[in-house]
There are 6 protein chains.
Amino acid sequence: MKMGTVVRTIPRCPTELLKELATAGVATTHEAMGKIGLMQPYMRPIYQGGRIAGNAVTALVHPGDNWMLHVAVEQCRPGDVLVVAVSAENHDGMFGDLLATSLKAHGVAGLVIDAGVRDVEDLRQMQFPVWSRCVSAKGTIKATLGMVNTPVVCAGASVRGGDIVVADDDGVVVVPFRAVDATLAACRQRLAKEATKRQRLANGELGLDIEVMRPTLAQLGMRYYDTLEEAESS
Amino acid sequence: MKMGTVVRTIPRCPTELLKELATAGVATTHEAMGKIGLMQPYMRPIYQGGRIAGNAVTALVHPGDNWMLHVAVEQCRPGDVLVVAVSAENHDGMFGDLLATSLKAHGVAGLVIDAGVRDVEDLRQMQFPVWSRCVSAKGTIKATLGMVNTPVVCAGASVRGGDIVVADDDGVVVVPFRAVDATLAACRQRLAKEATKRQRLANGELGLDIEVMRPTLAQLGMRYYDTLEEAESS
Amino acid sequence: MKMGTVVRTIPRCPTELLKELATAGVATTHEAMGKIGLMQPYMRPIYQGGRIAGNAVTALVHPGDNWMLHVAVEQCRPGDVLVVAVSAENHDGMFGDLLATSLKAHGVAGLVIDAGVRDVEDLRQMQFPVWSRCVSAKGTIKATLGMVNTPVVCAGASVRGGDIVVADDDGVVVVPFRAVDATLAACRQRLAKEATKRQRLANGELGLDIEVMRPTLAQLGMRYYDTLEEAESS
Amino acid sequence: MKMGTVVRTIPRCPTELLKELATAGVATTHEAMGKIGLMQPYMRPIYQGGRIAGNAVTALVHPGDNWMLHVAVEQCRPGDVLVVAVSAENHDGMFGDLLATSLKAHGVAGLVIDAGVRDVEDLRQMQFPVWSRCVSAKGTIKATLGMVNTPVVCAGASVRGGDIVVADDDGVVVVPFRAVDATLAACRQRLAKEATKRQRLANGELGLDIEVMRPTLAQLGMRYYDTLEEAESS
Amino acid sequence: MKMGTVVRTIPRCPTELLKELATAGVATTHEAMGKIGLMQPYMRPIYQGGRIAGNAVTALVHPGDNWMLHVAVEQCRPGDVLVVAVSAENHDGMFGDLLATSLKAHGVAGLVIDAGVRDVEDLRQMQFPVWSRCVSAKGTIKATLGMVNTPVVCAGASVRGGDIVVADDDGVVVVPFRAVDATLAACRQRLAKEATKRQRLANGELGLDIEVMRPTLAQLGMRYYDTLEEAESS
Amino acid sequence: MKMGTVVRTIPRCPTELLKELATAGVATTHEAMGKIGLMQPYMRPIYQGGRIAGNAVTALVHPGDNWMLHVAVEQCRPGDVLVVAVSAENHDGMFGDLLATSLKAHGVAGLVIDAGVRDVEDLRQMQFPVWSRCVSAKGTIKATLGMVNTPVVCAGASVRGGDIVVADDDGVVVVPFRAVDATLAACRQRLAKEATKRQRLANGELGLDIEVMRPTLAQLGMRYYDTLEEAESS
């Protein structure tokens, strides 16, 4: 595909499904997928407590050039998450309060961007959630074509238009569109299992016993000593 | 100039001008200057919501040695911003609650330091705003001469004594003393223009239309497809 | 010592002593030790305002494998701090709300981990303080033996079981068990000295005068100029 | 797809085509694709002068666990390039002289790995070219299933089994399998154009004139001054 | 122990033993120790092909201050390796051709330093091997006491005076003095085992078969598909 | 000054003076200036053994945009060094074999660039020395005005047109134009002093004795112990 390609249609999920994934959160969703799909941990929220899940509208931009974000806004529908990838590492402030005002006016749930953002005090006050590589006031230009809603790599994760992006204080995870049902089912299973375990742990039981780890550990050679000196001389 | 040089006189700006720049903020000021003058984005505030503008008193120190900060305090006047550069990358905790108490007693607006700071809980409680490379408790020594109010490079930005330093949650920008009037004028223009645009964006208009981007994009080869499959096979 | 070694007994300190060190804080304790013992400044709290001191229960784990944390929990007593070292740089999310529930149930004061943590919103709500290399949702496995309560290097600091770990918003410092009395004594001295100095600085006195720095500075060649031009031409 | 998935068949290109791309090199191929497809620049060769192009056999592994590399070797054919992605950032030494001996025995052209490698002196002597994130002797385990020949993200680039990987001293670029003909055609065009330009530049002509940049620059506001002083006062 | 402590006596190993460890190299020694003891992979040789093993003379220095290196030289004996730790992260050029001349005159085998070095062209010509955090010309001062031959943490590894340091192109590993015999024995075993395996791999046998991995992989759920499409739809 | 400013005239030094500084090298020149003027140590040569000194022609560019390099070439004279600064951190491959051909045709001594370069194998074969932040094949655009021969900050060092740039395997140092005579005189002094010292060190004398450090060390509290046990119990 050529630079300048914009795709208008992406698949979208029912709102209740997105809500349930947002509540499950990033860590649970990531485990439910088989421990894959995470963006790099340098992707941090600009304020604490944001929690979203939405279908991705993707944008691919050139370093230092945020032109395609304006093109991408038009493709966003209420509840979507705008995901911005850059064709090389970049820390410039590609997004600020004006673009946030525009996205908010179109009902967009939040922004995930592998570059910098600015006007973060305003964004906090607007309560527009953003996960970014960094905060930077560095201004960008509008000179180069990129792509919208084509497959991109954002912060180490593969994202296609319509994939479900879940983000909270733990980071960002991407669920391929057609894996969303299986992932949600696995999330529910995991949450149910954890609820029981959490209660037992709160009562003082040990993971060693709940998960019956002792026999395997012993078999692999785990050995207890009363003191460090004893261990060192054995 | 030799190590040990201390300059007593720097130019200073009227208070109202500084207030206006602080309100304009880092992103706007940086754009008004032509997208230059920013410190590196690793310069982060130790607490959210600080916002200052003041004339720079500069200090150049050796890695691991904060002696010259004490010399610099004496050169500060109410409203000034102390800017500390190090002659090589350093992360030590050069500044803490004692030096903050001293600066506060002399009316200094805040600190910008390309090294570490400590006692950050105290600094927050004192509401003394600091932008630093990192937080570190590592103690420093007092053994080496540096310079005060000579030109320095701090976090990638050139700073001369008296230059105006603007800092907020977006980072830090430096305005050369003699560029301050032109910069302020450009800030006002930009702020006025943005107010209108913000309103239109909030009403749902697109940047694509407000800025009349569509014709140029089309001319450069932007092309819309209904689906990804269509785009891939074209 | 072989992988799989677990030591059951570590020395522990009286609670009052630990409280006093926690109050003194990281910067003061580090200075009292002769400016050593700090962990790397990348070790940051997951929320502001945590402040702990406790005897270290150490765990050494393999990258991507958090199995030994479950073994370590059993060795923790109320007031202890769990210190997790990894045998190579790792950013995975080795610790979350389940392990925190378990540690809290056993009265553990907090966690210090040279890797990632997840479920940070939950941890904040539980008010379970954690200092970590990063936040990451990346899941880990349970396949490899490590060690518990043997000497480790965590974030650049040497830690033995029972050593005192002090952590606050400035970072983490480690006091060797047998150095704790001397360190506490030095902390008290330093705090007393600083109280006086803080008052004088608040009154506007200069460090230059309080510490009588001017003669040494002059002797080393410090020289004052009225203007930058004068300094440049001298 | 589940962890443990191994795909046996990938598309492969004619040898001459791969040779031509290797000769064109990374920079030219990347430009021919529209300035996309590069891996992060932290991917460096372990010795200078390596230059390969081959179809990718992909492996996805867990941090600290190189088990799937053994599974991947069996899927490699002469001329292939083994591409190893990790499900989170990892620096361990996942590959050394034994695996290199095995790959070499099967005619594999080289290795691209988003983790560490070791035995680099041996690898140099064997002249087995490797592009890696770092050099590290840290040993790994064999405990976790990954995937082979499923789509992965390696060092920021999307790679599918059979995609063409080109690597030289400039880094690594990935050409999607079905884009290879168009890319090769664009490479040839670019190389022809550059040959002429190189000769003119060697003769002392300026890019400003060859590319007729002066009018556009002037129109955008480029302005020449005889001295810095003149520029500053204008 | 106080700053200023210098220990005169360290244990030393027979020369043949050191030679054998140097030949075994870093990766093998690290595996023989149970996958521990490595310095961080940022420790790189300043030129390729250096390979040493020697007893460590340790020095602990302050950031930006190389004074204790001169104190440490006097404690070095022929064959020793000087290991320099800094009490906080530092990149200054603490070591150059003069100190190298001095160390060489005393028969020192090489330098391992968690900071910068300079005069690297001279060091290459002298063939004095150095492993360092970086190359930097930044000069240091001589103002602060450190320690010599007390336990230090260098680049993430614990080192005591007399511990054996092995360094080659793969990095640096530290063997505790009293673990040296067991480590050497394990190295020999590993080398013997690898020689056989290398030959079989060179003949085209697969690690999957030599190590009999297939049954375990199958049991854990590994599954082969002929094509990606088949895998995706299963 | 506005973006688009190009200054035609810079001061230049006699060739012999530049040769003498190149021979003195980066470390010596940096010390002669009072331990200042170094670029960050991330600036590394693309091949070993380059050694240059020349007057700086400066270029300031936007991230991802190398247009101004073409403008800068025209301002270069034989023996000059082209110094490229970027208005924010950038790793793109702004320079390759075509621009190197052009610079070489005009007798330029080398390039110093705070961004990436590509075609490094060609540059090595051309023996055109380059010091850069990284190697990257990432292509750039030609859309934005920058400045030529105005003051810039490159890799943390302040550079004005005509300043003398010295670069070798240790990195890059910048000598302000009007400080060049004093710096050269200080270099000569230092080199003479070091020659004597080097001879004495080669003969086995200790820096401790040559520099008479023992009395000061003793006075500050240095204390020798025969064994570590003795030191620990004192």
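Naming: A, B, ... by sequence-line order, numbering from 1 per chain.
Sorted by first and then second residue, the side-chain hydrogen bond (donor to acceptor under 3.5 Å, both in side chains) pairs involving residues 210-223 of chain D (not counting sequence neighbours) are Lys197(D)-Glu211(D), Asp209(D)-Arg214(D), Arg214(D)-Glu74(F), Arg223(D)-Tyr225(D).
Near-neighbour residues of residues 38-47 of chain D relative to chain A, defined by a heavy atom under 4.5 Å from a heavy atom of that chain, comprise Gln40(D). At a heavy-atom separation below 4.5 angstrom, chain A is approached by Met147(D), Val153(D), Gly156(D), Ala157(D), Ser158(D) within residues 147-160 of chain D.
Minimum heavy-atom separation, Met3(D) to Gly34(A): CE-O, 3.4 Å.
Residue Leu145(D): no heavy atom, backbone or side chain, is found under 4.5 Å from chain A.
Under the rule for a side-chain hydrogen bond (donor to acceptor under 3.5 Å, both in side chains), Lys2(A) has no partner lying at least two apart in sequence or in another chain.
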